[in-house]
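Here is the structure we will look at.
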Amino acid sequence: MTQWSKDIQMAEEERKRTVESLRKRFVATGHILWGRELSELTPHEMFRTVAATVKELLSENWIRTNRIYSEQKTKQVYYFSIEFLLGRLLNSNLINLGVKELLADALKGLGISMTRYYEEEPDAGLGNGGLGRLAACFIDSLAALGMPGHGCSIRYQYGLFEQKIVDGQQVELPDRWLRDGFVWEYRKPDKAVNVRFGGNAWMRPRPDGSLELVHEGGTTVMAVPYDVPIVGANGKTVNTLRLWNAELNKDFTLYGVTQEQREERQRYQRFVESITEFLYPNDSSYEGRRLRLVQEYFFVSAGVQSIIRNQLRSGVPLHSMDEHVAIHINDTHPALVVAELMRLLVDVYELTWGEAWAVTRRVVAYTNHTIMPEALEKWPIDMFKPLLPRIYLIIEEINRRFLTEVRRRYPGDEERVRELSILQDGQVHMARLAIVGSHSVNGVAEIHSEILKNTTLHPFYEFYPERFNNKTNGVTHRRWLIGANPELAQLLDDTISPAWRTEPSYMADFARYADHHKVQQRVAEIKATRKKILARWLREKTGQRIDADTMFDIQVKRIHSYKRQLMNILYVIDAFERIKEGMAEDFLPTTVFFGGKAAPGYYIAKETIRLICAVAQRINNSQAAEGKLAVVFLENFGVSLGEAVYPAADISEQISTASKEASGTGNMKFMMNGAITLGTLDGANVEIRDAVGDENAIIFGMHADEVMNYYANGGYSVWDEYNGNPTIRRVLDRLVDGTYGDFRSLYDYLLRNNDEYFILKDFEAYRAAHEEAARRYRDKEAWRKSMIINIARSGRFSSDRTIREYASDIWGIRGVQ
Ligand SMILES: *Cc1c(COP(=O)(O)O)cnc(C)c1O
């Protein structure tokens with residue numbers, strides 16, 4: 001036997017032993033958990049047994065990772081985000097631990113098919129959309145790169161609502177994701193901290209003339225952490241996502257007290273239970289908005305307290321804390337980190353204001369996610385001050401000192417002071433607090449970062465130019481490619497070698513196969529397979545039959561006016577008109593998919609869903625459209641459904657009004673799976689277009705500067721479009737002539753608001769873009785080539801690249817394992 005074949009034999013025997021030991025472990029775990037034979041377990045119990053086995057496999061690495069961090073006093077980053085849209089964790093944990101095949105083989109030996117149980121895991125839907133999913137992709141990349149980085153958020157009792165379509169309309173059901181418990185979490189009651197609300201705070205002069213803080217009364221809530229292990233794909237690192245739960249104080253009781261005390265305590269109980277009950281409390285009422293502020297301070301205070309406790313335990317003096325800790329705030333929801341860190345350092349640990357401020361500014365960094373001024377978070381002082389009296393005083397002091405600097409720099413320029421002041425017109429401006437209290441402010445795509453500097457945050461850019469930078473978003477290629485599209489991952493392995501899995505920039509090599517006939521064919525087969533799987537899923541789930549041989553044209557994302565699902569469905573209405581008229585003999589057979597949730601109080605978004613469903617109903621039952629055009633609304637879009645949808649797309653619809661979408665990340669997931677972007681020059685679409693070239697993306701519509709120019713100077717009239725273009729007039733009239741029911745809501749919305757997102761202005765260009773898409777799609781070889789180029793150039797949009805940039809430019813951390 002040669003050495004080589006001996007090695008192979010050894011490896012095979014080793015593998016057999018591993019499979020055997022996994023099998024034993026699995027059986028033992030099932031017996032311990034349930035006290036029954038495996039054959040008697042329900043599917044859900046089976047899933048839990050698989051998950052428990054996986055937890056056993058990761059626990060050693062988790063303990064070791066934490067030991068390394070504390071022994072080496074490694075600098076660590078804490079990513080604070082009010083949302084973490086995790087989705088399911090079993091498949092990605094299996095992949096990241098490198099045991100997916102081994103465990104599947106072990107279970108096969110027991111006559112069990114592991115894939116059957118994935119569906120048993122509820123999605124952890126602790127987020128709305130892109131912002132929350134970004135946080136989830138980031139912690140995956142941090143762990144994969146062996147970097148010390150953890151998440152901090154809220155353990156909501158109910159995640160984002162479950163969407164049902166009933167009679168063609170969205171109905172919201174509570175998302176009871178914790179009903180059977182969350183298998184991946186570890187409750188840590190010994191790490192609980194107290195968070196205080198209300199009371200009175202003021203400064204009292206000491207005998208020596210200095211001031212001391214007094215904070216009396218108020219309510220204390222116990223914050224209990226639930227830790228979720230975040231498994232790195234490097235097979236070593238396991239970081240932590242810490243989710244905080246609000247609980248009653250340990251000595252809470254309703255017994256043995258007077259009626260009055262009883263009522264008081266019941267009020268307290270209701271308050272505590274409300275804090276971590278819902279993601280997005282109803283913001284149409286004052287109480288609902290106030291609850292959101294309570295949530296923000298709750299997780300910020302708990303998170304910062306636990307970080308400081310950690311620092312003290314490892315013996316770090318707090319005035320050099322910035323050498324050991326970075327805190328990143330994902331949008332402004334956690335911006336109170338700035339004030340809370342100051343409070344703890346000054347009031348509790350008695351640093352001077354100057355020392356505390358230097359530390360805070362060096363620790364905190366901020367990511368902005370929107371340029372829309374109306375979407376920047378602000379709190380009425382009347383609400384803020386009674387709820388967080390000490391935090392309010394600190395913000396006043398931060399602002400006082402900041403404005404002194406401003407006035408020194410711009411003497412006599414009170415307009416500047418107004419633009420920059422954290423407290424303005426009776427409100428606390430959270431973005432301003434975040435900028436003043438941090439050392440880095442980043443946008444999430446090049447165009448977005450430029451717009452921030454030039455418009456929305458211009459006065460701050462002039463004041464602190466060195467703080468501003470760009471970090472283009474990314475998505476984890478492990479979930480969105482390796483997990484969601486294993487056949488495509490295999491093709492990359494077979495062509496360019498598997499090194500891309502850990503170094504996604506190597507995907508660029510795949511472009512060498514753009515003209516390779518066999519590879520083109522395999523890419524096409526994989527796409528066809530993914531389309532069939534989606535079609536089968538839809539048939540089994542809803543009974544709707546679709547033709548997987550049609551072009552799949554897909555728009556999935558939150559429903560929002562600026563994302564312009566309305567423009568898409570108006571285009572569909574117009575296409576249907578043409579088909580009926582016989583003007584579209586050669587119409588490329590297409591299935592148009594929509595998916596996404598509308599915020600419960602967002603009327604126009606809900607009407608858009610109702611219109612999509614009405615149009616789908618009409619077209620899918622029309623003789624004329626048969627074989628040419630079909631429309632699908634995918635109910636309850638979320639991470640798990642996304643894993644089935646992104647890989648099945650031919651066309652990725654990214655059609656936001658230019659300047660409005662900060663980055664988008666759905667666009668990257670589609671591209672990674674070989675869909676061609678049909679989109680505007682907005683957010684990361686610009687960089688996608690630059691990466692693939694104009695031949696491999698379909699770009700249309702107004703540019704950001706035109707849009708912003710109209711907003712600033714006017715000059716657009718929706719009536720010119722309506723009166724001047726018969727196509728547009730016909731499509732709009734269809735909303736009110738009964739063809740699809742009564743959609744005067746949307747008709748009026750467009751005409752009365754002067755078409756605020758330029759749907760009609762971009763309409764003809766959008767239609768032409770679809771014609772261009774059909775033209776290109778018909779040339780099979782050219783299309784396949786485009787798919788390959790898109791896949792190859794998507795490596796840049798892995799969140800591994802993004803996280804490396806944050807790590808080196810902002811956080812100053814490195815991989816340690
Ligand atoms: C990626 C993702 C998003 C973000 O989509 P955009 O198209 O960038 O708005 C929203 N929801 C889910 C479930 C996602 O996975």
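Comment: Glu687 engages Arg796 in a salt bridge, judged by a side-chain N to carboxylate O separation of less than 4.0 angstrom.
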Practice task
Given side chain to side chain contact (heavy atoms under 4.5 Å, CB included), test Ser663 with Met668 step by step and report yes or no.
Solution key: CA-CA 10 Å; Ser663 161; Met668 302 169 185; 3.7 Å; yes
Handout entry: Test side chain to side chain contact (heavy atoms under 4.5 Å, CB included) applied to Asp682 and Thr657, step by step
Key = CA-CA 7 Å; Asp682 199 19; Thr657 310; 5.8 Å; no
Practice task
Could you walk me through whether His369 and Asn330 pass the side-chain hydrogen bond (donor to acceptor under 3.5 Å, both in side chains) test, one step at a time?
Solution key: CA-CA 8 Å; His369 284 269; Asn330 191 26; 2.6 Å; yes
Exercise for the section: Go through Thr237 and Asn239 one step at a time and tell me if the side-chain hydrogen bond (donor to acceptor under 3.5 Å, both in side chains) criterion holds. Expected result: CA-CA 6 Å; Thr237 305; Asn239 289 331; 5.8 Å; no
Practice task
Go through the steps for Ile327 and Phe80 under the test side chain to side chain contact (heavy atoms under 4.5 Å, CB included), then give the verdict.
Solution key: CA-CA 7 Å; Ile327 297 179; Phe80 279 54; 3.7 Å; yes
Handout entry: Intermediate values then yes/no, side chain to side chain contact (heavy atoms under 4.5 Å, CB included), Phe637 and Lys557
Key = CA-CA 8 Å; Phe637 181 67; Lys557 49 184 76 230; 5.9 Å; no
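Residues Leu491 and Val523 are in side-chain contact: their nearest non-hydrogen atoms beyond the backbone lie under 4.5 Å apart. In this structure, the side chains of Asn667 and Ile688 come closer than 4.5 Å at one or more pairs of heavy atoms. At least one side-chain heavy atom of Ile655 sits less than 4.5 Å from a side-chain heavy atom of Glu653. Side-chain contact check for Val195 versus Tyr297: some heavy-atom pair is nearer than 4.5 Å. Side-chain contact between Asn368 and Leu376 is present, with at least one heavy-atom pair separated by less than 4.5 Å. The side-chain heavy atoms of Lys597 and Asn636, taken from C-beta on, include a pair separated by under 4.5 Å. Using a 4.5 Å cut-off on side-chain heavy atoms (C-beta onward), Ile371 and Leu457 make no contact. Between Ser659 and Ile451, some side-chain heavy-atom pair lies under the 4.5 Å cut-off.
Note that CG of Asn685 and OG of Ser656 are 6.0 Å apart. Values are rounded to the nearest 0.5 Å. A distance of 8.5 Å separates NE2 in His448 from CG in Asn473, rounded to the nearest 0.5 Å. Interatomic distance, Tyr118 OH to Arg88 CZ, rounded to the nearest 0.5 Å: 11.0 Å. One finds the CG atom of Leu97 at 7.0 Å from the CG atom of Leu94 (value rounded to the nearest 0.5 Å). In this structure, Thr276 OG1 and Leu279 CG are separated by 12.0 Å, a value rounded to the nearest 0.5 Å. Residue Glu101 holds its CD atom at 8.5 Å from CD1 of Ile95, rounded to the nearest 0.5 Å.
Heavy-atom minimum distance, Cys152 versus Leu241: N-CD1, 4.0 Å. Between Met507 and Ser794, the closest heavy-atom pair is CE-OG, 3.4 Å. Of all non-hydrogen atoms in Leu345 and Thr360, the two that sit nearest each other are CD1-OG1, 4.0 Å. Residues Glu805 and Thr472 come closest through the heavy atom pair OE1-N, 4.4 Å. For the residue pair Gly664 and Glu661, the shortest heavy atom distance occurs at N-CG, 3.8 Å.
Listed by first and then second residue, the ring pair (Phe, Tyr, Trp, His ring centres under 6.0 Å) pairs that reach into residues 797-817 are Phe138-Tyr806, His328-Tyr806, His328-Trp811, Tyr806-Trp811, sequence neighbours excluded. Among residues at least two apart or in separate chains, ring pair (Phe, Tyr, Trp, His ring centres under 6.0 Å) pairs with a member in residues 474-505 are Trp480-Tyr646. Here salt bridge (charged side-chain N to carboxylate O under 4.0 Å, His left out) pairs that include residues 480-504, with residues two or more places apart or in two chains, are Glu487-Arg530, Asp493-Arg501, Asp494-Arg522, Glu503-Arg804. Listed by first and then second residue, the salt bridge (charged side-chain N to carboxylate O under 4.0 Å, His left out) pairs involving residues 60-86 amount to none (not counting sequence neighbours). Annotation: salt bridge (charged side-chain N to carboxylate O under 4.0 Å, His left out) contacts involving residues 128-145, sequence neighbours excluded, comprise Asp140-Arg478. Annotation: salt bridge (charged side-chain N to carboxylate O under 4.0 Å, His left out) contacts involving residues 440-456, sequence neighbours excluded, comprise Glu450-Lys453.
At least one donor-acceptor pair closer than 3.5 Å links the side chain of Lys527 to the backbone N or O of Pro647.
Looking only at atom types and distance, the side chain of Gln76 has a donor-acceptor partner in the side chain of His150 under 3.5 Å away. Looking only at atom types and distance, the side chain of Ser141 has a donor-acceptor partner in the side chain of Asp800 under 3.5 Å away. No side-chain donor-acceptor contact under 3.5 Å links Thr240 and Asp227. The closest side-chain donor-acceptor pair between Asn696 and Asn790, if any, does not fall under 3.5 angstrom.
Under the salt bridge (charged side-chain N to carboxylate O under 4.0 Å, His left out) criterion, Glu56 pairs with Arg25, sequence neighbours left out. Checked against salt bridge (charged side-chain N to carboxylate O under 4.0 Å, His left out), Lys236 has no partners two or more places apart in sequence or in another chain. Residues that satisfy the salt bridge (charged side-chain N to carboxylate O under 4.0 Å, His left out) test with Asp809, not counting sequence neighbours, are Lys471. Under the salt bridge (charged side-chain N to carboxylate O under 4.0 Å, His left out) criterion, Glu340 pairs with Arg343, not counting sequence neighbours. For Ala375, the side chain to side chain contact (heavy atoms under 4.5 Å, CB included) partners are Thr370, Met372, not counting sequence neighbours.
The aromatic ring centres of Tyr186 and Trp62 sit less than 6.0 Å apart. In summary, the aromatic rings of Tyr464 and His439 are positioned with their centroids too far apart to meet the 6.0 Å limit.
Taking the centre and axis of the six-membered ring of Tyr280, the NZ or CZ atom of Arg292 falls inside the cone set by 45° and 6.0 Å.
Within a 6.0 Å radius of CZ in Arg187, more than 12 heavy atoms belonging to other residues, nucleotides or ligands are found.
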Only pairs under 3.5 Å count here: list side-chain donor-acceptor contacts from residues 302-310, not counting sequence neighbours, and write none if there are none.
from: Gln305; atom 1: NE2; to: Asn194; atom 2: O; distance (Å): 2.8
from: Gln305; atom 1: NE2; to: Ser301; atom 2: OG; distance (Å): 3.0
from: Ser306; atom 1: OG; to: Gly303; atom 2: O; distance (Å): 3.3
from: Arg309; atom 1: NH2; to: Lys191; atom 2: O; distance (Å): 3.1
from: Asn310; atom 1: OD1; to: Arg313; atom 2: NH1; distance (Å): 3.2

